[in-house]
Amino acid sequence: MTISADHSAPDQAQRLPAEDAVSEAVRKFGITVEDYMLPARHQIQMVDPDGRLKAESEQGTEPGHEYPLPADAELLAAYEQLVIGRRVNDQNSALVRQGRMAVYPSSHGQEACQVAAALCLSDGDWMFPTYRDAVAVMARGVDPVETMTIFRGDWHSGYDPARHKVGIQCTPLTTQLLHGVGVAHAAKLRGEDTVVLAMCGDGATSEGDFHEALNFAAVFHLPVVFFVQNNKYAISVPLAHQSVAPSLAHKAVGYGMAGERVDGNDVVALLAVLDRAVKLAREGSGPLLVEAHTYRMQAHTNADDATRYRQDSEVAEWLAKDPISRMKTYLTGRGLLDDDGAARIAEKAEAVASQLRDGLGEDVPVDPQELFRHVFSVPTPQLKEQSAMLADELAREASAEESPK
Amino acid sequence: MSPTITTSSEANGNVSAATARAAASAAATVEASGPQTVTMAKALNTALADAMQADPSVLVFGEDVGLLGGVFRITDGLTKTFGEQRCFDTPLAESGIVGMAVGMAMNGMRPVVEMQFDAFAYPAFEQIVSHVAKMHNRTKGAVKLPMVIRIPYAGGIGGVEHHCDSSESYYAHTAGLKVFTPATVADAYRMLREAIDSDDPVMFMEPKKLYWSKDLVDLEELRAQHAANAAAGTSSEGRAAVARSGTDATLIAYGPSVPTALAAAAAAAEEGRSLEVIDVRSIVPFDDETVCASVRKTGRAVVIAEAHGFASVSSEIVARVQERCFHHLAAPIRRVTGFDVPYPAPKLEHYYLPGVDRILDAVDDLQWEN
């Protein structure tokens with residue numbers, strides 16, 4: 001392994017990351033550093049809730065915050081993933097009700113964020129998801145059943161993060177953002193052009209690791225896109241109790257990075273904003289923060305009762321902003337999607353749902369000896385003793401069952 | 001967060017900031033061949049430099065570890081030798097340091113991070129417990145985290161609050177962490193090299209009062225030994241050492257308490273009592289074999305540790321020895337530990353720390369009349 005020589009020590013020490021961003025902003029966009037780092041005054045929205053492409057002047061863009069319409073092929077691929085994602089969310093919720101999954105934090109309503117998070121990345125890039133980002137993990141190419149293992153109850157995680165370049169679906173809030181920062185840092189030291197997309201929710205921005213991750217990424221000038229899905233609730237606590245900042249995207253300027261707000265139910269705008277963020281990060285502009293405004297349509301998990309803390313009218317309001325029907329209207333209107341196309345996509349979604357039913361429906365045999373096998377690379381003498389003790393206990397149980405008194 | 005090392009009023013081996021500077025400048029000098037007088041600080045510094053030399057994926061970072069060389073100068077000269085991309089300062093955020101190290105270890109690096117002082121590592125506790133310790137198990141071994149978290153720990157230097165905690169029990173209690181603590185200059189080199197070589201995460205607890213302890217060691221020979229062990233796939237990792245042989249009772253100690261135990265054994269010898277001293281070295285994994293072999297031989301044991309005794313590494317050692325050696329014991333196992341009080345202010349620490357007299361009192365209590 002070699003470490004790239006272009007990060008020579010004295011130069012790096014003297015040059016402030018913010019200066020890079022300044023020169024980048026000035027060179028590329030002809031705007032001030034403040035205008036580069038502060039989000040545009042309005043969220044970026046390209047397709048409205050009725051599925052109509054908005055006029056460019058109405059999209060919320062500003063000089064230096066301009067977003068070209070993503071290519072048709074990308075939009076169609078996104079729509080397919082949206083439909084699959086919705087089907088997966090609803091299938092999993094059904095499996096929980098049937099007792100075949102322990103729990104499932106559904107991203108129903110947030111599928112546009114999930115899909116865009118996966119599609120904006122290239123093969124060599126990394127994603128660091130949370131427990132609510134199963135659809136994003138799948139859209140990134142991880143096997144559906146492996147993705148859901150965490151919720152099936154036979155192990156804590158079901159896929160190899162290194163193979164898929166997808167971190168584990170992380171439960172302790174924002175701790176994974178720092179892992180993303182470390183992955184990006186290692187890649188940068190080796191001179192690789194990896195970009196990391198690190199995900200969290202609105203409530204998580206209150207955590208200390210959110211601050212530490214953004215600050216580290218900025219100070220070390222790392223190619224990390226922080227993607228906050230602001231779904232308005234941290235279990236029951238609304239955003240107003242987490243932060244009184246003008247927006248979560250405004251937090252970026254405090255770290256010396258660029259922030260942007262986007263309609264999180266408009267997959268067209270999400271792809272435009274995230275594609276640009278990933279491109280800027282890859283080109284060396286340092287980290288960026290993207291806040292997507294979306295809504296958690298269902299309860300936190302099946303164990304939660306959302307009627308205790310929010311009004312049905314609020315949910316109904318967001319139902320009208322659904323990301324999937326909006327995209328379907330838009331693509332149909334553009335002539336990119338017809339009934340046959342929609343049927344083919346529905347079939348694919350059904351196939352994934354069936355895969356999940358089969359994979360999660362079957363009783364997975366568990367091996368109690370696995371408890372000891374992976375604690376360390378090589379089990380300690382103490383773990384070997386405990387493993388033998390359990391094996392003996394099970395053997396005695398088995399023989400007692402075979403020869404009842 | 002600035003370290004405050006005050007001059008201690010204590011005479012028994014404590015050092016002043018001036019001595020720290022002297023040790024640091026000694027650590028920076030180039031060693032000659034053959035046995036030399038070397039401080040533990042120098043041995044650790046050499047181990048880091050050798051590991052970085054041997055493997056470009058070894059990175060060192062933390063607070064003040066770059067230009068300054070760390071507040072204890074353990075990373076002295078590394079930035080100069082290996083450049084700012086291999087040894088660098090981070091923002092003052094311990095969770096950030098450890099969390100970033102996790103990501104780097106996931107992506108091909110071997111980070112060795114420094115927590116400036118024991119109590120300053122607590123902001124990183126969530127990363128350590130929830131990820132460093134669990135990632136390998138969670139992913140069934142798909143993700144290995146070859147990383148070392150170095151923590152200067154324990155007291156005896158007259159430090160103010162938050163600079164003298166014995167925090168090893170927190171880490172030892174967490175499944176998935178190896179916990180090493182050297183007590184000699186040669187072990188400091190050997191064990192840090194082994195910790196860096198380990199594919200599993202290691203909490204490397206450095207007894208800060210021993211940083212300036214000296215010994216006659218041949219660093220060139222230690223380096224060659226390490227290379228030979230690495231080539232042969234053998235190492236002493238996880239093994240306790242018999243620091244002094246004896247026949248009448250066993251003193252079991254680790255880290256900062258080992259020299260105290262040796263001093264007690266020397267004093268007991270003058271009174272005609274032969275004490276064996278076991279240096280645990282590796283708290284996790286624990287070397288039941290060496291410890292229990294000694295206790296079976298002597299039939300009596302005292303466990304010595306600076307940490308509070310309640311629910312601690314010392315209580316674990318007593319439990320393990322009792323379970324395995326009960327029929328060899330001529331007396332209940334005694335402990336000499338720190339009291340169950342927050343670490344005292346500098347002028348009170350000598351009341352708290354296990355000392356030779358307290359150890360000898362415990363030895364006297366081992367029912368010799370039977």
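The sequence lines fix the lettering, A, B, ..., with proteins before strands; numbering per chain opens at 1. Remember, it's a predicted structure, so these values are computed and weren't measured experimentally.
The number of heavy-atom neighbours closer than 6.0 Å to CD of A:E370, taken from other residues, nucleotides and ligands shown, is above 12. A 6.0 Å sphere centred on CG of A:D392 holds more than 12 heavy atoms belonging to other residues, nucleotides or ligands. Residue-environment remark: NE2 (A:H156) exceeds the threshold of 12 foreign heavy atoms within 6.0 Å.
Considering only heavy atoms from C-beta on, A:P172 comes within 4.5 Å of B:H131 through its side chain. Residues B:T139 and A:I168 are in side-chain contact: their nearest non-hydrogen atoms beyond the backbone lie under 4.5 Å apart. Between A:W155 and B:N137, some side-chain heavy-atom pair lies under the 4.5 Å cut-off. Contact annotation: the side chain of B:M109 approaches that of A:L189 to within less than 4.5 Å [non-hydrogen atoms, C-beta and beyond].
Between chain A and the residues B:P285, B:G176, B:A142, the most heavy-atom pairs under 4.5 angstrom are made by B:G176. Contact count versus chain A (heavy atoms, under 4.5 Å) is highest, among B:I97, B:L67, B:V98, for B:I97. Across B:K140, B:M135, B:E126, B:K134, the residue that shares the most heavy-atom pairs under 4.5 angstrom with chain A is B:K140.
If you measure heavy-atom distances from A:A187 to chain B, the contacts under 4.5 Å come from both the backbone and the side chain. In this structure, chain A has heavy atoms under 4.5 Å from both the backbone and the side chain of B:T90. In this structure, the portion of A:L371 lying under 4.5 Å from any heavy atom of chain B is its backbone and not its side chain.
Among the residues in residues 378-387 of chain A, those with a non-hydrogen atom closer than 4.5 angstrom to a non-hydrogen atom of chain B are A:V378, A:T380, A:P381, A:Q382, A:E385.
For the residue pair A:F220 and B:D89, the shortest heavy atom distance occurs at CZ-O, 3.7 Å. Closest heavy-atom contact between B:V284 and A:F376: CG1-CZ, 4.1 Å. Here the closest non-hydrogen pair linking B:P91 and A:N215 is CB-ND2, 3.7 Å. Nearest heavy atoms, B:A93 versus A:E212: CB-OE1, 3.2 Å. Scanning all heavy atoms of the two residues, the minimum distance from B:M106 to A:P161 falls at CE-CB, 4.2 Å.
Checking side-chain atoms of B:N107 against main-chain N and O of A:A186 turns up no donor-acceptor pair under 3.5 Å. One N or O on the side chain of B:H136 and one on the backbone of A:H374 form a donor-acceptor pair closer than 3.5 Å. With B:Q127 contributing its side chain and A:T175 its backbone, the two residues share a donor-acceptor pair below 3.5 Å.
The side chain to side chain contact (heavy atoms under 4.5 Å, CB included) search around B:A119 returns B:Y122, B:H162, B:D165, not counting sequence neighbours.
Side chains of B:S95 and A:D209: a donor on one and an acceptor on the other come within 3.5 Å.
Interatomic distance, A:K188 NZ to B:M104 CE, rounded to the nearest 0.5 Å: 10.5 Å.
Taking the six-membered ring wherever Trp is involved, the centroid distance between the rings of B:F88 and A:H185 falls below 6.0 Å.
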With side-chain hydrogen bond (donor to acceptor under 3.5 Å, both in side chains) as the criterion, how do B:D199 and A:S377 come out once you've worked through the C-alpha distance, each side chain's angles and the decisive distance to 0.1 Å? CA-CA 7 Å; B:D199 283 339; A:S377 300; 5.0 Å; no
